[in-house]
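Okay, so here's the structure we're looking at.
All ligand and atom numbering here is 1-based and tracks the order in the structure.
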Amino acid sequence: MASDNGKRRGFSRRRFIQGAAAAAASGSILKSTAREEEHGEEKHGRRRPPNDAPDTVLINGKIHTMDDENTVVSSVSITDGRFAEVGHASRGRHGPDTKVIDLRGRTVVPGIIDNHNHIVLMGNRPGFHTPLENAYSIADVQAIYAARAAGIPRDAWITTIGGFHSNHFAEVRLPTLAELDAAAPNNPVFIEIGFTGPATTNRAGKSIFESQGITVAENGSMTGNNPSRALLYLRQTLLNPESRRRAVVDAMNYAVTVGVTTHLDQGAFQASNTAADGSAHEDNFTMHIPFLEVYGQSKGIVRLRINFLHMDTASDTPELVQRLKNAFPFLGNDMVKTGAIGEFIATYPPATNFVAAAKRVAAANWRAEVHSLGRRNTPMSNAADFETEILAFEAVEADPALKGVIRDRRWVIAHVPGITQEWIDRLQAIGGNLSLTGWQYLAGNPTASTVAPYAGPPFRMIVDSSKRPDGIHAGMSSDGMQIAPMNPWIHMYYATTGINARGVTINPNQQITRQEVLSLYTRQNGWFLREEDQLGTIESGKLADLVVLNSDYFAVPDEDLKKIRSVLTVVGGNVVYDGGVLDLRG
Ligand SMILES: [Zn+2]
């Protein structure tokens with residue numbers, strides 16, 4: 001059995017090496033032609049004629065390819081779901097069936113890749129979950145809710161479960177019962193901040209919750225454990241296979257409006273199905289089913305990479321051991337595939353648990369992705385968690401049998417608001433990498449735990465470190481959809497200004513440029529997925545994911561970065577969102 005497997009692996013690997021060598025030997029145009037032919041053969045059972053016209057040509061744009069030289073072009077063609085000619089064609093080579101889209105000067109970027117979020121949780125929300133991350137006032141909330149109510153059945157629940165904060169609203173408070181009644185009088189509503197509230201509801205919601213013994217104040221506000229009890233009730237009464245599939249489609253439909261075409265999901269806290277659960281809890285063993293069903297029906301419109309979160313408390317990590325025995329990393333297709341163990345591999349302290357788990361992950365040749373929220377010498381209980389993690393990774397690297405796995409599989413520590421240069425250098429030395437998350441953006445007035453050096457991450461320090469020879473790899477993430485927004489343009493605002501949702505500069509001297517943060521969100525994140533030859537830039541032969549923007553990202557004032565949206569999102573050559581601005585009849 002073992003030798004048979006070995007032979008098969010050797011065969012496919014030799015084929016792969018031959019293919020790679022042939023591609024390397026040819027120019028980029030030849031490479032893309034070869035790839036199209038191979039793809040065409042698979043699809044049509046015949047070789048495509050060499051002069052076959054592209055499916056789509058986009059012209060007259062400001063197309064930021066995010067390639068090695070940050071090349072900007074005006075046209076790009078798409079054939080069989082991949083970019084073909086990238087350049088400056090006035091009309092582009094095309095045939096009778098080619099769709100020509102005139103961008104009329106609009107800015108185009110590669111499809112945004114979010115290398116750490118929780119879209120699987122968002123796709124399992126009870127009720128008609130309605131993102132509020134782009135609301136800046138109670139009036140905005142009312143308009144968003146009124147529009148949602150108009151598109152769903154009377155009496156259906158409208159919910160917003162995490163992903164925003166009232167710090168984003170001019171009024172710096174949640175809407176009241178009366179304000180929600182004015183927006184959605186015929187639908188019960190439930191709006192919750194973060195993992196466990198506070199929350200608010202309207203009159204219809206209040207009467208239903210009170211019938212369940214859940215306490216709601218006269219003005220609709222819900223505090224203590226009442227939000228979690230309400231969420232448990234909504235889960236138990238509203239979630240079923242069909243409603244979950246609908247929520248998956250809703251989550252994907254939202255993602256493409258803000259241009260996020262690829263999501264690396266980082267799992268959930270394992271649900272207990274009691275009121276101890278919050279918005280970040282789900283069943284880690286069943287929550288992917290509705291996503292896989294949607295992909296199975298060919299209705300998946302964004303790319304999903306699935307990490308498996310493990311929080312064993314026992315030193316022998318029994319669940320992690322079973323996962324490593326019975327699952328495979330990086331297995332699937334271009335639309336949906338497995339990823340790593342993360343964003344937890346085990347609970348700690350004791351650190352010995354974490355070291356043991358890291359060694360098991362390495363021994364199975366998986367990637368580990370973990371997170372850090374702490375810094376040294378703070379009252380936070382998780383202070384200096386990155387030190388514990390990097391020390392454990394160093395122990396993995398020091399084991400002769402495991403040496404090199406971290407670099408080869410591209411292990412990651414995410415968030416890192418408090419990491420220091422010393423520890424960046426130590427992680428770089430063993431081949432580890434950093435995912436940067438501006439989750440402190442939604443924090444309110446500065447407190448000891450939300451200003452520099454804790455506000456972080458130290459974007460400038462890390463990006464500078466990444467530009468050194470053999471520098472550390474860094475990518476960008478949202479950590480949406482509970483404590484932070486998915487909307488990448490909000491995170492780009494924070495990374496480039498250091499200013500939080502209340503307008504307070506909390507991360508001074510760590511700002512990076514718009515080019516740098518867009519690179520982290522596209523090109524660099526392609527590397528983090530281990531798919532840098534497929535995703536992250538607009539280059540011939542890569543998967544055709546792009547976003548046409550409503551304004552020029554590189555030219556708008558800082559505050560307007562938050563208002564950037566897609567007017568056209570393309571995934572694999574297919575239009576998955578059309579904002580109605582461009583003429584697509586061409
Ligand atoms: Zn996370």
Side-chain angles (χ1 to χ4, degrees), residues 112-125 129 131 133 161-165 192-196 251 255 260 262-271 277-284 287-288 291 302 304-311 320 338-348 354 357 361 367-375 380 382 385-386 388-389 410-419 432-443 454-457 474-488 490-491 494-495 520-521 525 528-529:
I112 301 294
I113 301 168
D114 189 346
N115 84 20
H116 180 126
N117 73 25
H118 298 274
I119 193 174
V120 173
L121 277 167
M122 189 182 184
N124 279 278
R125 295 291 189 222
H129 175 78
E133 60 188 46
I161 298 161
F164 79 105
H165 198 284
E192 181 192 71
I193 292 176
F195 288 171
T196 56
V260 185
T262 301
H263 303 253
L264 173 47
D265 185 80
Q266 299 280 345
F269 297 129
Q270 182 60 31
D277 294 347
S279 68
H281 286 74
E282 246 299 337
D283 186 334
N284 272 298
M287 68 182 187
H288 303 104
F291 277 83
V302 298
L304 176 67
R305 310 295 182 249
I306 298 166
N307 277 6
F308 300 104
L309 182 153
H310 285 277
M311 299 188 85
L320 174 63
T338 60
I341 304 296
E343 63 179 297
F344 296 95
I345 62 172
T347 55
Y348 70 89
F354 188 83
V361 172
R367 166 155 76 178
E369 293 192 43
V370 299
H371 87 190
S372 159
L373 300 174
R375 70 175 170 100
M380 306 262 311
N382 52 12
D385 45 7
F386 59 84
T388 305
E389 292 162 358
R410 304 181 183 177
W411 287 27
V412 177
I413 301 180
H415 312 335
V416 291
I419 199 164
N433 312 286
L434 294 172
S435 170
L436 314 186
T437 319
W439 61 282
Q440 294 276 38
Y441 166 79
L442 284 179
Y454 185 69
M476 191 73 188
S477 59
S478 72
D479 204 18
M481 322 303 165
Q482 287 69 240
I483 58 159
M486 177 204 297
N487 185 341
I490 293 175
H491 295 286
Y494 177 66
L520 296 178
Y521 247 132
N525 276 353
F528 270 72
L529 299 183

Neighbouring protein N, O or S atoms of the Zn ion (ligand 1), below 2.8 Å: 4
Judged by modelled atom types alone, do Q270 and D283 share a side-chain donor-acceptor pair under 3.5 Å? yes
Indicate whether the side chain of H415 and that of T437 have a donor and an acceptor atom separated by less than 3.5 Å. yes
Examine the side chains of S478 and D114 and answer whether a donor and an acceptor come within less than 3.5 Å of each other. yes
Hey, does P485 have a side-chain heavy atom less than 4.5 Å from the side chain of H491? yes
Return yes if a side-chain donor-acceptor contact under 3.5 Å exists between E389 and Y348, otherwise no. yes
Assess, by modelled atom type and distance only, whether the side chains of Q266 and H118 contain a donor and an acceptor separated by less than 3.5 Å. no
